[in-house]
Colleague: 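Encoded as structure tokens, here's the structure I'll be asking about.
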There are 2 protein chains.
Amino acid sequence: MKKLRFAVVAVDAACFRIVAGDLHVLLGRVNVEPHYKNRWGLIGGLILSSENADVAVERHLRNKAGIGRVYKEQLYTFSSIGRDPRGRVISVAYLCLAPEALTESVGDVETRWCSVRDIPALAYDHDEILNSALERLRSRIGYTNIIQRLLPKEFTLTDLQTTYEIVLHKKLDKRNFRKKVLETKLVVTTDKKERKGASRPAILHKFSSRTVVNIEIL
Amino acid sequence: MKKLRFAVVAVDAACFRIVAGDLHVLLGRVNVEPHYKNRWGLIGGLILSSENADVAVERHLRNKAGIGRVYKEQLYTFSSIGRDPRGRVISVAYLCLAPEALTESVGDVETRWCSVRDIPALAYDHDEILNSALERLRSRIGYTNIIQRLLPKEFTLTDLQTTYEIVLHKKLDKRNFRKKVLETKLVVTTDKKERKGASRPAILHKFSSRTVVNIEIL
DNA sequence: ACAAAAGTGTTTTTCTTACACCCATGC
DNA sequence: GCATGGGTGTAAGAAAAACACTTTTGT
């Protein structure tokens, strides 16, 4: 192999989760003097030569934020010259989804879940990455079953509708929503019910397939 | 900046073009002994530290295949460990579109345009890249105006329809096609006509915007 | 006058949207 | 028995699909 030029390759994860009825994103503390003092940014880090980008995302989320088993899909690769003030870093960005009831432990980095409606100015080009990720998420829940990764395995149709409404930030019609969701066959009933307070118990539903499926538009 | 691990970062272009009523892709000769003898692959190459990925794609298409001014959009980043037998190479893949009447000069690599229905086994993971690119192209012509980059600036509606049919590999209804295309307002008439053989001349049309537009689905 | 491709509307069917009441339970 | 959220159908409007003939030109 002839002389080759090398670059630093990283991954960055825009990891979303429903917290208290609002869409939140996982941020980590960034302290890169003299460029960024005490800022926030997405969780990310370098790709090792022994792993591919998907594995690198998992590792960094686990080590830095203490979370594992999130859903992830590649978003876009950011390669502007000046995106990292310390040097040339190309970053493969990911969209990640974590369930509301996430089991979290501590990691190497100070982290927090931040409402997407209240994001501070982020380090690097992470604002741009986050915006693409949000746009992609909102578009993809319309024609795939990925929203299941924001929910527990079993959920009521009201929970599902509420999750759509939180992500899309708009109200949906209950009857039309149920009709559409059920006729895709991606969501099926279980024989369990959820009792919650003084009201009729709701039938629990689940997704029929855990793998990502594109809804046919024929 | 602390010790960092480095990888080689490349770009690969799946560059499409209409040739003789069929969708073709640009291939370049690959001779990487002992791994690939006299194979074909996509056009690509390394990213320099002075350029971003978009610029690298342009440079390699110009230098290796002698073509410039193609439309390009990022597709996906391929990072499997073994995708290049010579060593660790991460590749940012691009979908590119070239007009039928392309001005081409010779480049450093032997190239050919090959019908997508007759692709040989390609080097590296270029089969996989090509398949993603084709899928993306077919899906994106449905909700953007990118198909204009496969056509000359001015074209008849029949040309436009034929181009859709070639890419999608299925027949469309003439009246419904025209109705739909014209009501998006993305395509407008010019005051020119094209005379071609013994038949009624067709009005030439053009796209109202050269920049990529997503068609609203409200 | 005829061959060849361009151009043009209407009907049917399908999908989307809007909308209001009864049901099962806990207290 | 009443408050709470769960569950259900229909009608009107919009969008998509199917379909065939007339127009303009060159020869």
Colleague: Round to a whole Å and report the spacing from CG of B:Leu172 to C1' of D:dA16.
Modeller: 13 Å
Colleague: Tell me the interatomic distance from A:Lys192, atom NZ, to D:dG6, atom P, rounded to whole angstroms.
Modeller: 19 Å
Colleague: Measure from the side chain of A:Asp173, starting at C-beta and using heavy atoms only, and say which of D:dG6, C:dG7, C:dC19 lies closest.
Modeller: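 Given the options D:dG6, C:dG7, C:dC19, the side chain of A:Asp173 is closest to C:dC19.
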Colleague: Between A:Glu194 (CD) and C:dA24 (P), how many Å, whole number?
Modeller: 18 Å
Colleague: Scan the side chains in residues 57-66 of chain A for donor-acceptor partners under 3.5 Å anywhere in the protein, sequence neighbours excluded, and list what turns up.
Modeller:
{"residue": "A:Glu58", "atom": "OE2", "partner": "A:Lys72", "partner atom": "NZ", "Å": "2.8"}
{"residue": "A:Arg59", "atom": "NE", "partner": "A:Glu51", "partner atom": "OE1", "Å": "2.9"}
{"residue": "A:Arg59", "atom": "NE", "partner": "A:Glu51", "partner atom": "OE2", "Å": "3.3"}
{"residue": "A:Arg59", "atom": "NH2", "partner": "A:Leu46", "partner atom": "O", "Å": "3.0"}
{"residue": "A:Arg59", "atom": "NH2", "partner": "A:Glu51", "partner atom": "OE2", "Å": "2.6"}
{"residue": "A:His60", "atom": "ND1", "partner": "A:Lys64", "partner atom": "NZ", "Å": "3.4"}
{"residue": "A:His60", "atom": "NE2", "partner": "A:Leu46", "partner atom": "N", "Å": "3.3"}
{"residue": "A:His60", "atom": "NE2", "partner": "A:Leu46", "partner atom": "O", "Å": "2.7"}
{"residue": "A:Lys64", "atom": "NZ", "partner": "A:Gly44", "partner atom": "O", "Å": "2.7"}

Colleague: Go through C:dG26, D:dG7, C:dT17 for me and flag the one nearest to the A:Lys180 side chain.
Modeller: C:dT17
Colleague: Return the value, rounded to whole Å, for the distance between atom NZ of A:Lys171 and atom P of C:dT17.
Modeller: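 Whole-Å distance recorded here is 17 Å.
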Colleague: Taking only the side-chain heavy atoms of A:Arg175 (C-beta and beyond), determine which of C:dG7, D:dT24, D:dT8 contains the nearest atom.
Modeller: D:dT8
Colleague: Within this structure, what is the NZ-to-C1' distance between A:Lys174 and C:dC23, rounded to whole angstrom?
Modeller: 11 Å
Colleague: Going by heavy atoms in the side chains, are B:Trp40 and B:Glu110 under 4.5 Å from each other?
Modeller: yes
Colleague: Output side-chain donor-acceptor pairs under 3.5 Å for residues 17-27 of chain B, partner residues at least two apart or in another chain, one line each.
Modeller:
{"residue": "B:Arg17", "atom": "NE", "partner": "B:Pro99", "partner atom": "O", "Å": "3.3"}
{"residue": "B:Arg17", "atom": "NE", "partner": "B:Glu100", "partner atom": "O", "Å": "3.2"}
{"residue": "B:Arg17", "atom": "NH2", "partner": "B:Glu100", "partner atom": "O", "Å": "2.9"}
{"residue": "B:Asp22", "atom": "OD2", "partner": "B:Ser115", "partner atom": "OG", "Å": "2.8"}
{"residue": "B:His24", "atom": "ND1", "partner": "B:Asp22", "partner atom": "O", "Å": "3.2"}

Colleague: Can you check whether any acceptor in the base of C:dA6 is under 3.5 Å from a donor in the side chain of B:Arg178, or vice versa?
Modeller: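 Between C:dA6 and B:Arg178, which were checked side chain against base, a qualifying N/O pair under 3.5 Å is absent.
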Colleague: Take the angle between the ring planes of A:Tyr124 and A:His126 and call it parallel below 30°, perpendicular above 60°, tilted in between.
Modeller: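 Geometry flag for A:His126 against A:Tyr124: tilted rings.
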Colleague: Rounded to whole Å, please give me the gap between CG in B:Leu204 and P in C:dG7.
Modeller: 9 Å
Colleague: Spell out yes or no: do the side chain of B:Arg195 and the base of C:dA5 have one donor N/O and one acceptor N/O closer than 3.5 Å?
Modeller: no
Colleague: Heavy atom of residues 156-165 of chain A under 4.0 Å from DNA chain D: which residues?
Modeller: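 When residues 156-165 of chain A is checked for heavy atoms under 4.0 Å from DNA chain D, the hits, listed by number, are A:Thr158.
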Colleague: Just how far is it from atom SG of B:Cys15 to atom OH of B:Tyr94, taken to the nearest 0.5 Å?
Modeller: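 Going from SG on B:Cys15 over to OH on B:Tyr94, the span is 13.5 Å.
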Colleague: Apply salt bridge (charged side-chain N to carboxylate O under 4.0 Å, His left out) to the pair B:Lys206 and B:Glu154, showing each step before the final yes or no.
Modeller: CA-CA 5 Å; B:Lys206 63 179 181 184; B:Glu154 300 188 335; 5.7 Å; no
Colleague: Check the distance between D:dA15's C1' and B:Lys179's NZ and give it to me in whole angstrom.
Modeller: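 Going from B:Lys179 (NZ) to D:dA15 (C1'), I get 10 Å.
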Colleague: When the ring planes of A:Phe177 and A:Tyr164 are compared, do they come out parallel, tilted or perpendicular, using 30° and 60° as the limits?
Modeller: perpendicular
Colleague: If you check every side-chain atom of A:Asn176, which of C:dC23, C:dT17, C:dG9 has the closest atom?
Modeller: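 Of the options given, the side chain of A:Asn176 lies nearest C:dT17.
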Colleague: Does the base of D:dT24 carry an N or O that pairs as donor and acceptor with the side chain of B:Lys196 under 3.5 Å?
Modeller: no
Colleague: Quickly work out the B:Arg200 CZ to C:dA6 P distance and round it to whole Å.
Modeller: 10 Å
